[in-house]
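Worksheet for the structure shown next.
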Amino acid sequence: MRNKTMEIPRIAFLLLFLCQIPSSLTSDEPETFIIHVSKSEKPAIFTSHHHWYTSILLSLSPSPKILYTYKHAVNGFSTRLTPSQAEELRRLSGILSVLSDRIHQLHTTRTPHFLGLTDSFGLWPNSDYADDVVIGVLDTGIWPERRSFSDSELSPVPAGWKGICETGPDFPASACNRKIIGARAFYRGYEAGRGRPINETVESKSPRDTEGHGTHTASTAAGSAVSNAGFYKFATGIARGMATKARIAAYKICWKSGCYDSDILAAMDQAIADGVDVISLSVGATGYAPQYDHDSIAIGAFGAAQKGVLVSCSAGNSGPGPYTAVNIAPWILTVGAATIDREFPADVVLGDGRVYGGVSLYSGDSLENSNLPLVYAGDCGSKLCYPGKLDSSKVAGKIVVCDRGGNARVEKGSAVKLAGGAGMILANTDDSGEELIADSHLVPATMVGQIAGDKIRDYVRSQPSATATILFRGTVIGGSPSAPKVAAFSSRGPNHQTPEILKPDLIAPGVNILAGWTGFSSPTDLEIDPRRVEFNIISGTSMSCPHVSGLAALLRKAYPKWTPAALKSALMTTAYHLDNAGKNITDLATGQESTPFIHGAGHVDPNRALDPGLVYDISVSDYVAFLCAIGYDSKRIAIFSRDHSTVECGAESLSGPGDLNYPSFAVVFGSKSNRDVVRYRRVVRNVGSSVDAVYEAKVHAPPSVQVSVSPSKLVFSAENQSLSYEITFSNVAVDLTGLVRSRFGSIQWSDGVHLVRSPIAFSWQSGTVSSI
Ligand SMILES: *[C@@H]1O[C@H](CO)[C@@H](O)[C@H](O)[C@H]1NC(C)=O
Ligand SMILES: *[C@@H]1O[C@H](CO)[C@@H](O)[C@H](O)[C@H]1NC(C)=O
Ligand SMILES: *[C@@H]1O[C@H](CO)[C@@H](O)[C@H](O)[C@H]1NC(C)=O
């Protein structure tokens, strides 16, 4: 499932190759299509939608086979058709869209404490640890026998839960309990797409996780507390998920060679019907985010939002380039990844006495000799250290410096081992900067940043008798280096589809995260690795997403009546943007200050989210108005709202997509409709304990933009009262130098008790700069 030739394996993210399938396949072989149908156009003679769909298909093919019928997240079905049959189908009335199924690939002990979660006050005790809230984890399944899924402290399965435990030879009824209350597997799209059944000696057709990813994300979101947890000697202590009393429903949607839209949609559809409260989805497109109406996750998430289900997704691991964030629809909570205050240091000591800090989870014997000859892999046949490509006569008994990139990081170490090398220094290059990810290497090995890497490479090349050793220092917790920092891999904005909506929404722990693992495969997912572990430490926005899913579950319990948008607003407006050293959060890709295009509203701060003061709420009809504002016609909108007849873009439309009542701001000067003045309206609801709170606005803006807020004081007088304000941004000067076409600011409302902060990103479209 993880592509062994790329680096993705240790940065876990389920990838959908949404943008990479050529749409005009020349052959007329059958493939899977997802068909969105207008609910209200079912002719009365058909007793059910399924009956109607079958009859539609019979007009095209003598033996139609429906893979799935979708009812809850979207309205429609998936089936096998030839491209020309699909073309015919597109012309039938009632058919909203016919989309090709896409082939997809796989893109703790410390974190509760780092997040300030404690038993004595704040979100944990005030939400009863999300007791009875159900998190649907759509992933690679679950390994149920882990201690993280113990139900010993839990009350009975919530009444009203409609999900089931799909059992099979390797998934007995006992696999489900009061923690794992549902488990299902979705593989019809996968099998149809590959044209052959699942090989059950290679992977389990049941909800059992043979990969590890799904067990990790589920235990991060809602794992029970486990004492004496750890990965070998690293990160030892009590491991616990964010919402220890929340229930898990595992929906297996990802298989050895991928995850398919048709299966993901079926799982979202089912999760909604089963009664989940939160959907956690560490899956997304590779490449740039597709248009919303071609993005099955966005379409399914809209249906979830309609049913009051919050959908939390990973932003992707395609950083640090701009526009790389995926899952960017405004009704999705989009999560980037950051470090925590825990490190696994393993220093490089060079023969000349210089010491460079690195990180490693290598758990075997240390290097016996403190002064081993040091060589650069680029001089030994393969600078990226591909297995079988290193010249043994040059590396045997030596420490090898390998460049990061190209293949899996742990595989580089095994390539060194295969060639008889004694150890490895994995050195970053331009692409990875100073981002360090600790790996459970199979040889004594450490990873260093680009700056240290360059010095080490220089040393090897200038010093014929270069030597080095590696000092492994175990687990170190503390304020140095400062945390959080945004991971270089974390995908970034601006928003590729709608630059007026800031994405990602926020960041959360996603680097070196300890959580549960499958018993089926090794912690490195390499076949040569014989180890099996209860816990594993991995990194990715896949890891940050379930942290936020768990926190959202806690908030859902504290505020059962809030919409998903209100919960998201609470998480965003209370997020922080200063690290534990009091500095603006750093971006590991550059070592410079991170920006709202990188960290969104900031780093999630759960205890503050419990008492946000004000919330920016959004209803489903607001999202429809948003779709109108980006120019969708009623047929395209009906794919989301599911009914052709009910959509009208009219008087209530927004002045532009940025006018949506979003808890953050993105202002684009020089775009078609707005040149130098952009005005947005917002509505905030007082959810604080003081009915007559008075909030005052404070704005930070760059010199190039003038911002005015009207009114600048909000005087509340009734419970749950909503008040609106208007914020006007005027482009007064251009202070942009070089290629930078963005600046940042914020608006902060305060009543003396609460700080309700929204970031503002300003960007200038081509043309404006030269015209001034
Ligand atoms: C299933 O996989 C096993 C192990 O790779 C292989 O030996 C077997 O031939 C496969 N079976 C089928 C039906 O492909
Ligand atoms: C953080 O960045 C903002 C905007 O660039 C700046 O105004 C502020 O002084 C910085 N804060 C700190 C503590 O460095
Ligand atoms: C205010 O909102 C809360 C939570 O949604 C609700 O319980 C309460 O009844 C509301 N009060 C009024 C006056 O609407």
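For ligands, and for the atoms within them, numbers begin at 1 and follow the listed sequence. Small disclaimer: the values here were computed from a predicted structure and weren't measured.
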I need the atoms of ligand 1 closer than 4.0 Å to a non-hydrogen atom of Val202, numbered in the order shown. 2 (O), 5 (O)
Might you point out which heavy atoms bring Ile598 and Ile507 nearest each other, and give the distance in Å? O-CG2, 4.0 Å
Is atom 9 (O) of ligand 1 close to the protein, meaning a heavy atom under 4.0 Å from it? no
For the residue pair Trp255 and Tyr187, categorise the inter-ring angle as parallel (less than 30°), tilted (30 to 60°) or perpendicular (more than 60°). perpendicular
Side-chain contact, heavy-atom cut-off 4.5 Å: Ser522 with Glu527? no
Please work out, at 4.0 Å between heavy atoms, whether the side chain, the backbone, both, or neither of Glu593 comes within that distance of ligand 2. side chain
Considering only the protein, which heavy-atom contact is closest to atom 6 (C) of ligand 1, and what is its distance? Asn199 ND2, 4.1 Å
Report, in ascending order of atom number, the atoms of ligand 1 lying under 4.0 Å from any heavy atom of Thr201. 1 (C), 2 (O), 3 (C), 4 (C)
Atom 2 (O) of ligand 1 within contact range, any protein heavy atom under 4.0 Å: yes
Checking heavy-atom distances from atom 13 (C) of ligand 2 to each of Gly745, Gly582, Ala581, the winner is Gly582
Identify the protein heavy atom lying closest to atom 14 (O) of ligand 2, giving its residue, its atom name and the separation to 0.1 Å. Asn584 ND2, 3.5 Å
Sub-6.0 Å ring centroid separation between Tyr680 and Tyr662: no
Please confirm whether the backbone N or O of Leu755 pairs with a side-chain atom of Arg608, one donor and one acceptor, at under 3.5 Å? yes
Does any N or O in the side chain of Arg184 come within less than 3.5 Å of the main-chain N or O of Pro207, such that one atom is a donor and the other an acceptor? no
